[in-house]
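This structure is a prediction, so every number in the text was calculated from the model and none was measured. Hydrogens, waters and symmetry mates are skipped; everything else that's a heavy atom, side chains included, is used. Each chain gets a letter, A, B and so on, in the order the sequences are listed, and its residues count up from 1.
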Protein chains: 2
Amino acid sequence: MVQQQSQIKNKLLNILPERDMNVLAPQLELASLPRGTLIAKRGESIQHVYFLESGIASVVVTTPGGYQGEAGIFGNEGYVPTSAAAGVDSSSHDIVVQMDAEAYRMDYESFRIAMEENRSLWKVVVRSIEAFSVQLAYTAVCNAIHDVNERLARWLLMCEDRIQANELPLTHDFLSMMLAVRRPSVTTAMHILEGNGFIRAYRGSVVIKNRAALEEFAHDAYGIPEAEYRRLMSDLF
Amino acid sequence: MVQQQSQIKNKLLNILPERDMNVLAPQLELASLPRGTLIAKRGESIQHVYFLESGIASVVVTTPGGYQGEAGIFGNEGYVPTSAAAGVDSSSHDIVVQMDAEAYRMDYESFRIAMEENRSLWKVVVRSIEAFSVQLAYTAVCNAIHDVNERLARWLLMCEDRIQANELPLTHDFLSMMLAVRRPSVTTAMHILEGNGFIRAYRGSVVIKNRAALEEFAHDAYGIPEAEYRRLMSDLF
DNA sequence: ATTGTTGTGTACGATACCGTACATTTTCTC
DNA sequence: GAGAAAATGTACGGTATCGTACACAACAAT
């Protein structure tokens, strides 16, 4: 069950017309998802659909050869697994909680029915998918054309966007998996960002000191998917 | 208008139950899309929705700084622009025809109405979006972890998948834009693939000689999105 | 045939990042 | 407070790719 809609932080649920949300509310339960939780696994059946309230999760691709990398990241601006909207009963991706999260979740079958009956939910969900796919597209090109420094800057910005605080609890090792680079590459990239005064690095966390400058540094790598998200969500109701 | 459904090569239209397709048929017209045609432009309004019958188009990301790269590729297995399904009246991506294409198209407004009224079309379209987003995710990670040789191999395979023939009319210059690498990097990568006997390179075209070996060479970089597409489309009706 | 254009081959120094290894520091555990 | 574990710093040779430039080959246009 759910409290006042206005207090819901998930942007998809929050934007729903009140009457639609009221229909949905009884089916939502709040769940705690500690870091490392596997929300979904590729090819395996979907138990619940999640709307994050806080924290971060990401779509992680693991190749048959054991390589791993992050394809996309999301927080309270989305829902997951996206394949649920397609009426598939299994996920297309591995989805992992990267920073302790809270999420409203509903069981998959209820979600399917709600998607059929609740036009507003449907709209919100489909736009969210579209917005996420824009992020994926830009990540793909970003990985091809930008160096580690810029990609790290981009990642930190995307992370801060989805967290209340400007202190991000992350280790170099963790970031190296996300960016699919060596751990020492993260270390040196971090030094460059810190040397420029954009961030302050501590053991196990990063504090963003000058977001504007960091955005400027990331330049090409950051901004368009974010703007596109706002555009896609702006004229919904 | 449209001929026998069984003769339609677009996999989405082809898979539709006959009665649903019959409803749709009067609104579809066949269009020729020569290479270079801009099917959609980011932020600009959508005129038509396209179901490719042949040829290839791709989602191209252009950064404010003028860099460019391909995020995803599609042929007769999809439709476009994906954002049309979200009820947005503008595209989220630039979409460019890469090899001369034919496509059934319908005007955007008809598509919106059809999506509301035609449950089968809706299902097919949403699954297609999901499948495409899987491709985007793997492209993102692929760009991060694989070298140019493997990425070229992957691209050629994805290209052949979407073309009848095994002769692909492409130049190094074109591929360098798709892969977001230098043109000479394509040349040397091409030599490696050719040296291994996987392909034969001609001026302005590439012929795939040993597809199985090429797949093995690409290994990690190729296969999962393709399998996922088949899985997503298999149990639809 | 001549000329221009387009596509491909190749070279070269510079740089970003790799794989790996190891030292150092901070935090956790007992 | 001693030892283990985790996080970070640093080094080093090797390789992939870069940016750029130029030569040559194939085709097109006149």
Trainee: Rounded to whole angstrom units, what separation is found between the CG atom of A:D173 and the C1' atom of D:dA5?
Mentor: 13 Å
Trainee: Can you list everything that forms a side-chain hydrogen bond (donor to acceptor under 3.5 Å, both in side chains) with A:T171? Sequence neighbours excluded, please.
Mentor: none
Trainee: Let me know the distance between CE of A:M177 and P of C:dC18, rounded to the nearest Å.
Mentor: 15 Å
Trainee: Cut-off 3.5 Å, no hydrogens considered: what does the side-chain donor-acceptor table look like for residues 198-205 of chain A, sequence neighbours left out?
Mentor:
{"unit_1": "A:R200", "atom_1": "NE", "unit_2": "A:E194", "atom_2": "OE2", "d": "3.0"}
{"unit_1": "A:S205", "atom_1": "OG", "unit_2": "A:E167", "atom_2": "OE2", "d": "3.0"}

Trainee: Rounding to a whole Å, what distance do you find between A:H172:NE2 and C:dT25:P?
Mentor: 16 Å
Trainee: With a 4.5 Å cut-off on side-chain heavy atoms, are B:Y79 and B:L13 touching?
Mentor: no
Trainee: Which residues within residues 148-158 of chain B lie with some heavy atom under 4.0 Å of an atom in DNA chain D?
Mentor: B:V148
Trainee: List for me each residue that meets side-chain hydrogen bond (donor to acceptor under 3.5 Å, both in side chains) alongside B:N10, sequence neighbours excluded, and say none if there are none.
Mentor: none
Trainee: Show the atom names and distances, to 0.1 Å, of all donor-acceptor pairs under 3.5 Å that link a side chain in residues 37-49 of chain B to residues at least two apart or in another chain.
Mentor:
{"unit_1": "B:T37", "atom_1": "OG1", "unit_2": "B:P34", "atom_2": "O", "d": "2.5"}
{"unit_1": "B:R42", "atom_1": "NE", "unit_2": "A:Y138", "atom_2": "OH", "d": "3.4"}
{"unit_1": "B:S45", "atom_1": "OG", "unit_2": "B:Q47", "atom_2": "NE2", "d": "3.3"}

Trainee: Is there any protein nitrogen or oxygen under 3.5 Å from a nitrogen or oxygen in nucleotides 10-15 of chain D, and what are the pairs?
Mentor:
none

Trainee: Could you give the NE2-to-C1' distance, from A:H146 to D:dT17, as a whole number of Å?
Mentor: 17 Å
Trainee: Specify the separation, in whole Å, of atom CD1 of B:I192 and atom P of C:dT10.
Mentor: 13 Å
Trainee: Kindly write out the residues that satisfy side-chain hydrogen bond (donor to acceptor under 3.5 Å, both in side chains) with A:R35, not counting sequence neighbours, or none if the list is empty.
Mentor: none
Trainee: Quick test of your reading: applying ring pair (Phe, Tyr, Trp, His ring centres under 6.0 Å), list the pairs with at least one residue in residues 141-188 of chain A, sequence neighbours left out, ordered by first then second residue.
Mentor: A:W155-A:F174
Trainee: Give a yes/no answer on whether the side chain of A:S185 brings an N or O atom under 4.0 Å of OP1 or OP2 in C:dA16.
Mentor: no
Trainee: Whole Å only: how far is the CG atom of B:L179 from the P atom of D:dA16?
Mentor: 17 Å
Trainee: Heavy-atom distance under 4.5 Å between the side chains of B:E130 and A:T82, does that happen here?
Mentor: yes
Trainee: Estimate the overall bend of the helix from C:dA1-D:dT30 to C:dC30-D:dG1 from the end axes over five pairs each, rounded to 10 degrees.
Mentor: 40°
Trainee: Between A:T139 and A:E70, is there a side-chain heavy-atom distance shorter than 4.5 Å?
Mentor: no
Trainee: Nearest whole angstrom, please: distance from the C1' of D:dA7 to the CD of A:E194.
Mentor: 14 Å
Trainee: Can you pull the ring pair (Phe, Tyr, Trp, His ring centres under 6.0 Å) pairs that have at least one residue in residues 176-197 of chain B, sequence neighbours excluded?
Mentor: none
Trainee: Quickly work out the A:L175 CG to D:dT8 C1' distance and round it to whole Å.
Mentor: 13 Å
Trainee: Of all of residues 199-206 of chain A, which get a heavy atom below 4.0 angstrom from DNA chain D, listed by number?
Mentor: A:Y202, A:R203, A:G204
Trainee: Considering only heavy atoms from C-beta outward, does the side chain of A:H219 approach that of A:E150 to under 4.5 Å?
Mentor: no
Trainee: Under 4.5 Å between any side-chain heavy atoms of A:Q135 and A:M158, yes or no?
Mentor: yes
Trainee: Does the side chain of A:R154 reach to within under 4.5 Å of the side chain of A:C142, using non-hydrogen atoms?
Mentor: yes
Trainee: For A:E102, which residues count as a side-chain hydrogen bond (donor to acceptor under 3.5 Å, both in side chains) partner, sequence neighbours excluded?
Mentor: A:S32
